[in-house]
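Here is the structure we will look at, set down as C-alpha cells.
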Amino acid sequence: MSQRTDRAAAFGQNLYLDTRGAIDAPVPFTEAVVDGLAAGGGLYVPQELPSMTIEEIVALAELPYAQRAAAIYKAFNVDLPDGVIDELMARAYGDNFDDEAVCPITSLDESTHILELWHGPTSAFKDMALQCLPHFFSASAQQLRDQGKLGHEFMILVATSGDTGKAALEGFKGVDGVSIGVLFPDGGVSDIQRKQMVTTTGDNVQVWAVRGNFDDCQTGVKRTFSDADFANALLDEHAIALSSANSINWGRLLPQVVYYISSYAELVAAGKIAAGAEIDVCVPTGNFGNILAAWYAKQIGVPIGMLLCASNDNRVLTDFINSGTYDISDRPFVLTASPSMDILVSSNLERQLFELTGRDGDAIRQWMTDLAEKRCFRVDAATFAKVRENFSADSIDNATCLATIKAVLDEYDYLIDPHTAVAYAAAQNLRGENPVLIASTAHWAKFGDNVYRALHALAPAAALPDETAQLTGCQLNERIAEETDKHDIPAGLANLDAMEVRFTDTIDGNVEAIEAAARAFLAR
Ligand SMILES: *Cc1c(COP(=O)(O)O)cnc(C)c1O
C-alpha cells in the first residue's frame with residue numbers, strides 16, 4: 001500500500017498520450033480504454049513506464065498469476081481503486097483457464113522455452129487479453145458514468161476471420177453495461193471456428209454469418225461505425241454507443257505486458273535461468289501487439305536481449321525490420337497456414353515507432369499519412385538503427401511451417417500449432433547465445449486441418465484425403481490425438497459437436513443489413 005503511494009507520488013497520475021500528438025490533453029487509463037482509438041487517429045501510450053528491479057520481478061513468482069497481473073496494473077497507476085483491480089484480475093485469470101499457472105512454460109530443452117498462451121476458454125492467445133479487457137472496460141465505463149463523464153452503455157461490434165470473434169464473445173459475455181455482436185464470413189471460417197462462435201452462451205451476445213468474404217464483413221462493420229445518423233439513433237433510442245475493443249486498445253496490450261514479466265519470474269523460480277540472465281523472445285507476429293508487449297516488458301526491467309519477429313508469407317514486418325521501409329504498395333495478401341498472422345497493415349507498429357523515435361508525434365503522423373496515401377513509408381536512419389538494436393526478423397513459408405510441426409513432434413514429442421511453428425522455425429534461424437522464450441499462440445486443435453497435413457506430409461493447401469475430408473473438426477482432432485497420443489484437446493474444443501447451436505442468422509454484408517440486425521438485437 002505505502003509502496004503504491006510512493007510510486008503514485010513519484011510520477012503522479014499516469015496519463016496517456018497519443019502517438020500523433022493530436023489530443024488536447026492526456027487522459028487517464030479509464031478514458032483510454034473506453035475510447036480505444038484517440039481522437040485524430042493515434043493510439044494511446046502511457047506517459048510513464050514503471051520500472052522494476054530484478055528482485056521485484058523475481059518476487060512475482062510467489063504470487064498467483066491474477067495477483068501478479070494486479071501488481072503490474074498498480075505499478076502502472078491504473079486509475080481504479082486497488083481493491084477493484086484485485087477483484088477484476090481474480091475474475092480475469094481464474095478457473096476460466098485450464099491451468100493454474102494460466103500461461104505455463106514448457107521447456108523443450110535447456111534453452112528453448114515455450115510460453116503456452118492458449119489455456120483460456122477459446123484456446124488461442126487472444127484470451128490472455130480478452131478475458132481481462134472486458135472487465136476493465138466495464139469498470140472504466142462505470143467509473144466515468146459515476147463521474148458524470150459518460151451517459152451511455154456500449155455495444156461492441158466485431159468482424160472476424162476466426163480467432164478474435166470467439167475470444168471477444170467469451171470475454172464480453174455476461175459483462176455489465178456491454179453487449180457484443182460478431183460477424184463472420186459465411187463459409188469463410190473453419191468448422192471449429194464457426195461452431196465455437198454459434199454455440200456461445202450468454203444473454204448479451206449475438207453472432208451473424210455474413211454472405212460474402214472477410215473483407216465484406218470488415219467493410220460493412222467499418223461503414224456502420226462511421227454512420228453518424230445510426231450512432232445518434234442508437235444513443236437516442238437505447239443510450240448505446242458502438243465500440244470495437246480491437247487490438248489497438250491499450251487495455252488489450254497491458255495484459256500482454258504482464259505475461260512477459262511473469263514468465264521471466266517463472267523461469268528464474270524454476271531454476272531454468274539465473275536471475276538477471278538475458279533471454280531472447282520470439283513472437284509469431286501479425287498486428288505487432290504481442291511483440292510490442294515484450295518490448296514494453298524489456299523497458300520495465302525484464303532482461304530481454306533481442307526480440308525475434310516471426311512472419312509467415314505476409315512478410316511486411318520482416319521486410320520492414322530488415323530494410324526500414326514499410327511497403328504494401330505492391331504486396332499481395334496471401335492466405336497461409338497461420339491465418340491469424342495474415343495481415344498487411346500492422347496497427348501496433350505505430351506505437352513501437354512512437355517509442356523508438358523518442359515519442360515524435362510529428363514523425364508518426366507523417367509516416368501514417370504516407371502509408372495511407374502512398375501505401376509505403378520509410379523511417380529515418382536513427383529510428384532504423386533503434387529498430388535493428390531491438391529486433392531481428394524472419395519469414396517462414398507454409399511448407400517450412402508444416403515441416404516444423406512434424407519435426408518438433410518427432411524430436412520433442414510436443415505438438416504445436418502452425419502459428420507457434422512459424423515462431424519456432426524463425427527462432428532457429430535467428431537465435432544467438434541467449435535462451436529463447438517462444439510465444440505459443442494457439443492450441444494445435446484450433447488448426448487441426450493443417451496439423452493433419454503436417455503429420456501426413458500433405459502440401460499446405462492440399463485437399464484432405466476423402467475419409468478425413470468428411471470428418472467434423474472435432475472428429476479430425478480426435479483422429480490426430482489418437483495418431484500422436486496427444487489427448488489434451490481442451491474441453492471447449494472437444495465438445496463442440498454436442499453443443500446447442502444458438503445463432504443461425506445469415507445476413508447481407510451491406511451497412512443497412514448490419515444496422516437492421518444490430519437494432520433487432522438491441523430490441524430483444
Ligand atoms: C492474433 C494472433 C497472432 C498475432 O498476434 P499479434 O499480436 O497480432 O501480432 C498470432 N497467433 C495467433 C494464434 C493469433 O490469434
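Both counts, for ligands and for their atoms, begin at 1 and track the order of listing. These figures come from a predicted structure and were not determined experimentally.
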*Write out the protein residues near ligand 1, meaning a non-hydrogen atom under 4.0 Å from one of its atoms, in order of chain and number.*
F125, K126, D163, P284, T285, G286, N287, F288, G289, N290, S340, M341, H419, T441, A442
NZ/NE/NH1/NH2 to OD/OE distance under 4.0 Å, [X] and [Y]:
X	Y	value
K406	D410	yes
E483	R479	no
E350	R20	yes
K446	D417	no
R315	D394	no

*After noting the C-alpha distance and the side-chain angles of F391 and F288, does the key distance pass the ring pair (Phe, Tyr, Trp, His ring centres under 6.0 Å) rule?*
CA-CA 12 Å; F391 295 93; F288 214 79; 5.6 Å; yes
